[in-house]
Amino acid sequence: MSLTEDLTRLFEDAFTALNLPAEYAAVRVSDRSEMAQFQCNGAMPAAKISGKPPRDIAAEVVARLKDHPAFKSLEIAGPGFINIHVTDAFLSEHVQDVHLPHLAEHNETIVLDYGGPNIAKSMHVGHLRTGIIGDTLRRILKAAGFNALGDIHMGDWGTHMGILMMDYIRTGEEHVVMDCDLDDPVAVQALFDDMYIRYPKASGAAKEDESLMADARTATLNLQNGEEPFRSMWQKIRDVSVRAMERNYGDLNVWFDIWKGEADAHPYIAPMAEKLKEQGFLVQDDGAWVIPVEKNDDKKKVPPLILYKRDGAVMYGSTDMATIVERVQDFNPARMIYIVDQRQSLHFEQVFRAVRLSGIVRDEVELTFAGVGTMNGTDGKPFKTRAGGVMRLADMIEMARAKALERLNEASLALEMSDSERLDVASKVGIAALKFADLQNQRHADYIFDLERMTQFEGKTGPYLLYQAVRIKSLLRKAGMHDIEHCSFGSLLLQISETERRLALFLTHFPDVFKLAVKNYTPHVLCDYAFSLAQEFSSFYGNCHILSEEDEGIKQSRLFLCAQTLFVLTQTLDLLGIETPERM
RNA sequence: GGUCCCGUAGCUCAAUGGAUAGAGCAUCUGCCUUCUAAGCAGAGGGUUGCAGGUUCGAGUCCUGCCGGGAUCGCCA
């Protein structure tokens, strides 16, 4: 139980004894730290229903609790706030017991969908947010005890495949695809580069020329029906693309448990459609087969979900529905969470309605659209390269790493390292900068991506956090502790300075912050926490001698604080998918 | 035009309906013969877009405006 939960329990007892609803008893961290460590605001709403003045109620609550050993002081302030200070002994117990709470009840499965890169195309900056945030949510839910599974859900089944394949066929260059040796990295890269240049041209041409587009649609349909040479070409294109994705996501330390795509859901579409037709949910409309999903009380117009287009081909709504059928069959998940671009909200509303309506997903299964905002450039418009094009993800990662290395050089850090260790540190610092800059923003909001700013390595950045963590590691090594990731030793002295108390208090907030992140699917609260923790530590580090402290008891107590800070900080960075180097 | 999201310090962003709205950057003042100065201690900087409403209490909830963005059936 966290410290606030422990206090809430005590207050609940008091409220209940006074015939007041326990739900008002919640104790929270005070937002006026100079006045209190914790606060309870329940006297005010309780006053409303009991007709007594709030300060009188607060006084009754305080009277019941004031002799409890947890409290150093209980004061009533303002209209009826109860301001709480706890004893250092109580605090000490909780600092020792800081841990990740287990929140899953029965190891429920949660499928997270946060990939969506198209095959045959380079991954670009648009894949950064969903990948990073989705992976972090996966880590958070897994840490909370859920069987959390990330699915990449590649875009490998749409019209873009037809456009690309028809271009190879029309120019008589199918061999460029078919002759590629998958075991030869150079050949794989060459094919990938070819597709990267070819697709935009082919796509542009198809938009200009209706006959090209018609051919592409036909090719798409033929592919979906398993016909050659489309099927073989497609397989090769997919294999090559997966290698590129593995490298990009690997560089970002973004993990997927399931490497499936729209194509894998294809076999489920026809049987699903058959059943939907029998049930009367699937109807023909203007040549297409659609599922009407509007409701009587809709304020907006919700268009039907199109399962089969006029030409008989399927669309992404079809594959998204069928993927849900597949996931229910394979994993029987308690929740399915989509971490995708906010702009797809209407689409997923249609999909969710369709699967609920038809009973594919039971009512008790949670379907969540966790939309993410757009990444904009410093001009506030969607992020572009200086040339005005879309920046490849690989290029962006390289820029972040190069900048990090430059900074290490400027600061004359990591000089004594071997070249390989130095590059590894630079890579970790660069990736940390990239990920932390993204994760610290609210998930659903757009944010401005400023490479210059985030690679400044000052203030609220990933590198600052790594720096603090590495400082602690270094200090603990000097103190002769080697298994510094797992040292749970010692305890807090009962006579501590205000600086130490602040740090200790802050450490106890960790379980509550974690719970909040799980509840709302909001990693940014963990970023905020990690940064504030690092600041608290830095303040402690600057104000308290540790290794040179002569009083052995004080020294041990401070080393304990260092170890607990490192434990919580690395744990938090871990949840954010950020790796901490041993030194830098 | 309908619907949804956003509007908070010069800039980038926080703030489960709680007290005097907080951080970082930038600006200014101090601090490196002691554990990593990518740091610490401190200062200045606000009519939370505007106007109403709900209530003990509103940046937060409701209504209406203003400004920005997204989206509105055969692309994903």
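Throughout, a chain's letter reflects where its sequence line sits, starting with A, and its residues are numbered from 1.
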**Request:** Between protein and nucleotides 59-73 of chain B, map the contacts as a letter string: B base, S sugar-phosphate only, - none, heavy atoms under 4.0 Å, written 5' to 3'.
**Result:** -----------SSSB
Contact list (N/O, under 3.5 angstrom) for nucleotides 41-45 of chain B vs protein:
| unit_1 | atom_1 | unit_2 | atom_2 | d |
| --- | --- | --- | --- | --- |
| A41(B) | OP1 | S539(A) | OG | 3.0 |

**Asked** Choosing from A76(B), A23(B), C74(B), which nucleotide comes nearest the side chain of F531(A)?
**Response** A23(B)
**Message:** If I take atom CZ in residue R583(A) and atom P in nucleotide A38(B), what distance separates them, rounded to the nearest angstrom?
**Reply:** 17 Å
**Asked** Considering heavy-atom distances to RNA chain B, does L516(A) or Q344(A) have its closest nucleotide positioned more toward the 5' end?
**Response** L516(A)
**Item:** Under 3.5 Å side-chain donor-acceptor pair for S427(A) and R401(A)
**Value:** yes
**Message:** Could you tell me how far U47(B) sits from A76(B) if I compare only their P atoms? Round to whole Å.
**Reply:** 49 Å
**Request:** Check every strand shown and say whether L408(A) touches a base, only sugar-phosphate, or nothing at a heavy-atom separation below 4.0 Å.
**Result:** base
Cut-off 3.5 Å, no hydrogens considered: what does the side-chain donor-acceptor table look like for residues 157-164 of chain A, sequence neighbours left out?
| unit_1 | atom_1 | unit_2 | atom_2 | d |
| --- | --- | --- | --- | --- |
| W157(A) | NE1 | H266(A) | ND1 | 2.8 |
| H160(A) | NE2 | G155(A) | O | 3.3 |

**Message:** For RNA chain B, which residues of residues 199-220 of chain A approach it to below 4.0 angstrom with any heavy atom?
**Reply:** R217(A)
**Prompt:** How would you label the contact of A47(A) with the nucleic acid (heavy atoms, under 4.0 Å): base, sugar-phosphate, or nothing?
**Reply:** nothing
**Prompt:** Do the side-chain N or O atoms of S548(A) get closer than 4.0 angstrom to the phosphate oxygens (OP1, OP2) of U34(B)?
**Reply:** no
**Asked** Tell me the ring pair (Phe, Tyr, Trp, His ring centres under 6.0 Å) pairs involving residues 429-452 of chain A, sequence neighbours left out?
**Response** F383(A)-F449(A)
**Message:** For the CG atom of L559(A) and the CD atom of E549(A), what is their distance to the nearest 0.5 Å?
**Reply:** 10.0 Å
**Message:** Under 3.5 Å, is there a donor on one side chain and an acceptor on the other for T499(A) and N543(A)?
**Reply:** no
**Item:** Short side-chain to backbone donor-acceptor contact, Q350(A) and P304(A), under 3.5 Å
**Value:** yes
**Asked** Rounded to the nearest Å, what distance is computed from the CE atom of residue M375(A) to the P atom of nucleotide C13(B)?
**Response** 12 Å
**Request:** Report the distance from atom CZ of R407(A) to atom C1' of A37(B), rounded to the nearest whole Å.
**Result:** 15 Å
**Request:** Among the candidates A76(B), G18(B), A15(B), find the nucleotide nearest to the side-chain atoms of P45(A).
**Result:** G18(B)
**Rounded distance (nearest 0.5 Å) linking atom NZ of K555(A) with atom CZ of R558(A)** = 11.5 Å
**Prompt:** Where are the stems of RNA chain B, defined as at least 3 consecutive Watson-Crick or wobble G-U pairs with both distances under 3.5 Å?
**Reply:** B:1-7 with B:66-72, B:10-13 with B:22-25, B:27-31 with B:39-43, B:49-53 with B:61-65
**Request:** Output, in order, the C-alpha distance, side-chain angles, deciding distance and verdict of salt bridge (Lys or Arg N to Asp or Glu O under 4.0 Å) for E410(A) and K403(A).
**Result:** CA-CA 10 Å; E410(A) 279 173 16; K403(A) 197 74 182 175; over 6 Å; no
**Request:** Considering only atom C1', compute the distance from G59(B) to A15(B) and round it to an integer number of Å.
**Result:** 8 Å
**Message:** Are Y24(A) and F11(A), when compared by the centres of their aromatic rings, separated by less than 6.0 Å?
**Reply:** no
**Fill in**
Note: for H160(A) and Q468(A) on RNA chain B, the residue whose nearest nucleotide lies more 5' is Q468(A)
**Asked** Looking across every strand, which nucleic acid part, if any, lies under 4.0 Å from K460(A) by heavy atom: base, sugar-phosphate, or nothing?
**Response** sugar-phosphate
**Asked** Does the separation of the ring centres of F540(A) and F537(A) fall below 6.0 angstrom?
**Response** yes
